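Below is one structure, written out as structure tokens; the observations come after it.
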Amino acid sequence: MSMFIDRDPLLLTPGPLTTTLRTKQAMLHDWGSWDAAFNRMTGDVCRQLVDIAHGADTHVCVPLQGSGTFSVEAALGTLVPRNGKVLVPNNGAYCARILKILGYLGRSAVELRFAEDQPADPAAIEVALAADPSITHVAQVHCETGTGILNPLADIADAVARQGRELIVDAMSSFGAIDIDLRTTPITALVAASGKCLEGVPGMAFVIARKTALEAAAGNCHSLAMDLHDQWAYMQKTTQWRFTPPTHVVVALHSALEQYAEEGGLPARHARYAANCRALVDGMAGLGLRPFLAPAHQAPIIVTFHAPGSSSYDFQAFYQAVRARGFILYPGKLTEVDTFRVGCIGALTPLDMQKVVDAVGATLRDMKVAVGN
Ligand SMILES: *Cc1c(COP(=O)(O)O)cnc(C)c1O
């Protein structure tokens, strides 16, 4: 028997995410880019974003149109001088993307490889910096969404600071859910986006940059659209975005941040995602599905699972059948091992995770894949 109702599937992905009705309803208006009310909203959003990282005394927020990668590229292109050199600790797909961006930008890069199931090692980073004084910056992914691993950001930041270098952090999938305290953690710039743990819709990202570093970055950038210094200077002068702002995305984020505060801010968001992650991992264990990472390295953001070993398993068929039950999963990103990923973030609760587990179990039984321990 096939059943169908016209309802949005739940997104168990690292973004775009399932958002609340209130966030979606915030987008039911049109806004002018010159309008003072809209520009106040942008200013409000930026202040709240800096506050989430406790950076009000030292850092400023520069929003930028586009997906998260646009802001990673803008941060690297603006903050790294053309003769700079960037160390990239690499334990996954988003670290590899940073290396690719640096190649496009013509900035020198040094890769420091780690296994995909191992966090980046602060001591190894410090040794690499000490060995090469020409390295000016480190570009570190906080939660490597390719696997879901959490890199030890505070220790890495201390190591980079001891060596007197600058640190640019891709905190895309952790910002708002995993605490980053700019008062105690020396970070030049943090990059994140509207459509991840803040539970806005995708379409803008932002860079929380140390004001002195941003001021010193005038003229570094090779690209007008990606020049964060220019974007910031224009916004300071006019309160407006330099080019057409993603108005609906900004007002949705404004509403999402209101709801974030009502929920209890970062501690509450972290607790909900951690509960989601536990419900997911425990439920999948009941189906005999094992996470790729050791529990100690797992961030409560997205979980990579080993695919079932059965010959009747096929990801495409599995994905389609789980989707038909109302849930969108995510393919694995590892080349060596067959995996799939399930996100813990978005407007979801542990009850939703239990339903996902039920849908996965029913699907695997239909596919004649053995489930259960
Ligand atoms: C989502 C994400 C990005 C940005 O990806 P986009 O597809 O450009 O939004 C960058 N880094 C990490 C770690 C991410 O999770």
Side-chain angles (χ1 to χ4, degrees), residues 11-19 49 53 62-77 79 86 88-105 114 116 119-120 138-153 156 167-178 180 187 189-208 223 225-226 228 246 249-250 252-253 256 269 273 277 292-293 297-304 328-334 339-346:
L11 303 177
L12 284 301
T13 62
L17 307 169
T18 292
T19 55
L49 295 174
V62 192
L64 185 70
Q65 299 91 333
S67 87
T69 305
F70 288 64
S71 277
V72 174
E73 183 162 324
L76 294 167
L79 296 170
V86 186
V88 185
N90 181 359
N91 61 347
Y94 290 94
C95 307
R97 187 179 293 174
I98 288 178
L99 284 160
K100 194 168 176 184
I101 291 170
L102 291 167
Y104 268 75
L105 298 183
F114 297 97
E116 282 188 308
V138 175
Q140 177 66 54
V141 175
H142 187 198
C143 170
E144 170 47 74
T145 321
T147 54
I149 200 166
L150 189 65
N151 286 313
L153 184 58
I156 291 170
L167 177 61
I168 297 173
V169 179
D170 173 350
M172 208 70 64
S173 63
S174 57
F175 188 87
I178 298 174
I180 301 171
I187 294 173
L190 274 177
V191 189
S194 55
K196 299 229 174 178
C197 300
L198 300 171
E199 300 185 1
V201 301
M204 68 163 263
F206 51 90
V207 179
I208 295 177
S223 154
M226 293 280 149
L228 291 178
V249 177
V250 175
L253 182 58
R269 188 62 50 99
Y273 289 171
C277 187
F292 169 73
L293 294 173
H297 304 327
Q298 176 71 59
I301 302 296
I302 187 167
V303 183
T304 299
I328 292 194
L329 305 180
Y330 218 57
K333 230 179 180 152
L334 303 177
T339 56
F340 65 92
R341 285 178 291 169
V342 186
C344 310
I345 62 179

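Remember, it's 1-based here, ligands and their atoms both numbered in the order they're listed. Computed from a predicted structure; not experimentally measured.
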- Please write down residue, atom name and distance for the protein heavy atom closest to atom 7 (O) of ligand 1. Arg97 NH1, 4.0 Å
- Nearest non-hydrogen protein atom, atom 2 (C) of ligand 1: Lys196 NZ, 2.5 Å
- Query: How close does the nearest protein non-hydrogen atom get to atom 11 (N) of ligand 1, and which residue and atom is it?
  - Reply: Asp170 OD2, 2.6 Å
- Between the side chain of Tyr273 and the main-chain N/O of Cys197, is any donor-acceptor distance below 3.5 Å? yes
- Item | Identity and distance of the protein heavy atom lying nearest atom 15 (O) of ligand 1 | Thr145 OG1, 2.5 Å
- Got the closest protein heavy atom to atom 3 (C) of ligand 1, with its distance? Met172 CG, 3.4 Å
- Item | Backbone of Cys95 reached by a side-chain donor or acceptor of Asn90 within 3.5 Å | no
- Can you list the ligand 1 atoms lying under 4.0 Å from a non-hydrogen atom of Ser173? 15 (O)
- What atoms in ligand 1 come closer than 4.0 Å to a heavy atom of Cys143? 13 (C)
- Query: Checking Asn151 side chain against Ala120 main chain: does a donor-acceptor pair fall under 3.5 Å?
  - Reply: yes
- Task: Decide yes or no for Thr69 and Arg97: does some side-chain heavy atom of the first lie under 4.5 Å from some side-chain heavy atom of the second?
- Result: yes
- How many angstroms lie between atom CG of Asp170 and atom CD of Gln140, to the nearest 0.5 angstrom? 9.5 Å
- Message: Between Arg341 (side chain only) and Thr145 (backbone N and O only), is there a donor and an acceptor less than 3.5 Å apart?
- Response: yes
- Task: May I ask you to identify the nearest protein heavy atom to atom 9 (O) of ligand 1, giving residue, atom name and distance to one decimal place in Å?
- Result: Gly68 N, 3.2 Å
- Query: Looking at Thr69, which atoms of ligand 1 are within less than 4.0 Å of one of its heavy atoms?
  - Reply: 4 (C), 5 (O), 6 (P), 8 (O)
- Side-chain (Thr19) to main-chain (Gly200) donor-acceptor, under 3.5 angstrom: no
